[in-house]
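Below is one structure, written out as structure tokens, with a few remarks after it.
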2 protein chains.
Amino acid sequence: MPLSTDEVIDTAAELLRRHGLADLSMRRLASELGVRPGALYWHVENKQTLLVRVADRVLADVPTTTSGAPARDIRRLLTAIRTAVLPVPDGGEVVALGYALDPTSVQVFVHLRRLIGDLGVAGRDRAAATDLIVHHVLGSIAAQQDRQLAGLPTRGASAAFDRGVALVLDRLGRPTETTETAGATESTETTDRRQEEAT
Amino acid sequence: MPLSTDEVIDTAAELLRRHGLADLSMRRLASELGVRPGALYWHVENKQTLLVRVADRVLADVPTTTSGAPARDIRRLLTAIRTAVLPVPDGGEVVALGYALDPTSVQVFVHLRRLIGDLGVAGRDRAAATDLIVHHVLGSIAAQQDRQLAGLPTRGASAAFDRGVALVLDRLGRPTETTETAGATESTETTDRRQEEAT
DNA sequence: ACCTGAACACCGTTCAAGT
DNA sequence: ACCTGAACACCGTTCAAGT
């Protein structure tokens, strides 16, 4: 029976879960599957696209239910994401890569965006708030995991995370009167244009 | 004349700036400095601590001035950070590692924390707000850089970033009546304890 | 004090050739 | 369609030995 692509992704996710990114090499993955390294390149384009699919798998079991109370649903969802990703070494980094390269590929983030809409956040602010919250979840997970791998303490990490979430959600719950921001934007905009042309 | 540790860090930062993480190898760095790979290990403990020091260097030239208007200073500072890190390929990831492993080593983040205090954010919320904002800056930079490296479009990235900043700062400017959050915290706390014991 | 030589145990990716 | 063999051009880290 030939190797299936799903088998490749599953085994890669399993390898990440057990040993982290350092041991998730194409060669190690191949030997785990009983094939030669080159065989993997028939199933995936390269290691990066493999990682994007692994990120998807890591969050696949997080339920996306709705209760009618958006703020509470968001808090529940974020806690579930943290609980799912934290035990996977380098999970924060891998999921962040997935979100960067294909924000809609991970179902759970699409759902988060919806819940933020339900909260009454409209238009451009909805995308901005989603990014803000996703960066905060994944950033705080990655930081904690980096510290763990380095043998440093991580006390209070989850409490600090929850406070950060509260700071954002308290704001989003109420109607906004946002009108400023213009001044600071200028030079950043210039940088972006330079970089975007290079693409 | 023997090699100095500063020379090693400077050359590493230069290599990152020009070619990104993929070309910042200990071997490439050594040959750039005209020495054998092993020589580097007399100057730095390993590659990770090298990267933490490189992160420091990338942000070393961002000025930390105060004007008396904290909200404006924060916006200016964040734009300056973005402008400094964005042109350095993989800069977002490297600086995030530095912030995770040693949050006080980068002067600019210590200054940010101070400005947030000036804004009237007290106690635990000050650390939480700093983390939230730093994760947002570095997360949005890393996402944009990942997309650039993959050849994907990054239109509107800086506008989205600015909106995220505005969402947070609008809230922090005003006094808070935060009291909830408890419910969602529980299970996360459990996860943390498990992980922290494993360390 | 500072570095070389040389090794150890690895990487990701490509591609002709096999079945 | 799916995989092997074999190569290409690399990695980080260690450590005896040299100067």
Side-chain angles (χ1 to χ4, degrees), chain A residues 1-55 89-90 93-94 97-98 100-101 145-146 148-152, chain B residues 1-55 89-90 93-94 97-98 100-101 145-146 148-152:
Chain A
M1 217 175 69
L3 195 58
S4 76
T5 305
D6 272 347
E7 228 177 315
V8 173
I9 309 297
D10 278 341
T11 308
E14 205 38 48
L15 226 40
L16 185 69
R17 204 177 294 276
R18 283 207 300 257
H19 307 286
L21 261 185
D23 282 301
L24 174 43
S25 66
M26 296 304 269
R27 284 167 181 277
R28 182 104 157 65
L29 176 57
S31 80
E32 205 83 7
L33 287 163
V35 298
R36 290 315 177 84
L40 298 177
Y41 290 85
W42 199 91
H43 295 278
V44 298
E45 213 189 318
N46 50 43
K47 193 179 180 180
Q48 217 187 41
T49 68
L50 171 81
L51 288 180
V52 171
R53 301 198 55 179
V54 168
D90 300 307
E93 195 184 322
V94 171
L97 179 74
L101 296 188
Q145 291 179 330
D146 283 347
Q148 264 157 210
L149 274 162
L152 297 167
Chain B
M1 217 175 72
L3 195 59
S4 77
T5 304
D6 271 347
E7 228 177 314
V8 173
I9 308 298
D10 278 341
T11 308
E14 205 38 48
L15 226 39
L16 184 70
R17 205 178 293 279
R18 284 208 299 258
H19 308 285
L21 261 186
D23 282 301
L24 173 43
S25 65
M26 297 302 269
R27 285 168 180 277
R28 182 103 157 66
L29 176 57
S31 81
E32 205 83 6
L33 288 163
V35 298
R36 290 313 177 87
L40 298 177
Y41 291 84
W42 198 92
H43 295 278
V44 297
E45 214 190 317
N46 51 42
K47 192 178 179 179
Q48 218 186 41
T49 69
L50 172 82
L51 288 180
V52 171
R53 302 197 55 180
V54 168
D90 300 306
E93 195 184 324
V94 171
L97 179 74
L101 296 189
Q145 292 179 330
D146 283 346
Q148 265 158 208
L149 274 162
L152 296 167

Among dA1(D), dT4(D), dC11(C), which nucleotide sits nearest the side chain of W42(A)?
dA1(D)
Rounded to whole Å, how long is the line connecting atom CG of L40(A) with atom P of dC2(D)?
14 Å
If you round to the nearest 0.5 Å, how far is NE2 of H19(B) from CZ of R28(B)?
5.0 Å
Nearest-0.5 Å distance that lies between atom CD in E93(A) and atom CG in L97(B):
8.5 Å
Say whether, by atom type as modelled, one donor and one acceptor occur between the side chain of D10(B) and the main chain of A13(B) under 3.5 angstrom.
no
E32(B) side, atom CD; L15(B) side, atom CG - distance, nearest 0.5 Å:
5.0 Å
Can you check the distance between dC8(C) and dA9(D), where both ends of the measurement are the P atom (answer in whole Å)?
23 Å
Mind checking the C1' distance from dA7(C) to dC11(D)? Whole angstroms is fine.
14 Å
Quick one: label R36(A) by what it contacts on the DNA or RNA (base, sugar-phosphate, nothing), any heavy atom closer than 4.0 Å.
sugar-phosphate
For a quick test of reading the model: is some side-chain N or O of H43(B) closer than 4.0 Å to OP1 or OP2 of dC3(C)?
yes
What integer distance in Å separates E45(A):CD from dG12(C):P?
16 Å
In whole angstroms, how far is the C1' atom of dG12(D) from the CG atom of D23(A)?
14 Å
To the nearest Å, give me how far apart NE2 (H19(B)) and P (dC10(D)) are.
13 Å
Closest to side chain of Y41(B), choosing from dC3(D), dT13(C), dG12(D):
dG12(D)
Nucleotide-level pairing of DNA chain C, given in dot-bracket where Watson-Crick and G-U pairs need both distances under 3.5 Å and | marks other strands:
||.|||||...|||||.||
Where each residue is assigned the nucleotide of DNA chain C containing its nearest heavy atom, which of G38(A) and S25(A) is assigned the position nearer the 5′ end?
S25(A)
Measure from the side chain of P2(A), starting at C-beta and using heavy atoms only, and say which of dC2(D), dT13(C), dT13(D) lies closest.
dC2(D)
State, to 0.1 Å, how close V8(A) and L29(A) come at their nearest heavy-atom pair, and which atoms those are.
O-CD1, 3.9 Å
Ignoring the backbone of M26(B), work out which of dT13(D), dC3(C), dC8(D) is nearest its side chain.
dT13(D)
Output the rounded distance in Å from CZ (R27(B)) to P (dA9(C)).
15 Å
Nearest-Å distance, NZ (K47(B)) to C1' (dC11(D))?
8 Å
Quick one: CG on L51(A) to CD1 on I9(A), what's the gap to the nearest 0.5 Å?
9.0 Å
Answer yes or no: is there a side-chain heavy-atom contact under 4.5 Å between L50(B) and L40(B)?
no
Restricting to non-hydrogen atoms, name the atom on A150(B) and the atom on L101(A) that form the minimum distance, rounded to 0.1 Å.
CB-CD2, 3.8 Å
Taking CD from E7(A) and C1' from dC3(D), how many angstroms apart are they, rounded to a whole number?
14 Å
The side chain of V35(B) lies closest to which of these nucleotides: dA7(D), dG12(D), dT4(C)?
dT4(C)
In whole angstrom, what separates E32(B)'s CD from dC11(D)'s C1'?
17 Å
Quick one, R53(A) and D6(A) - any side-chain contact, counting heavy atoms below 4.5 Å?
yes
Nucleotide N/O to protein N/O under 3.5 Å, stretch nucleotides 16-19 of chain D:
none

To the nearest 0.5 Å, how far apart are CG in D23(A) and CG in L21(A)?
9.5 Å
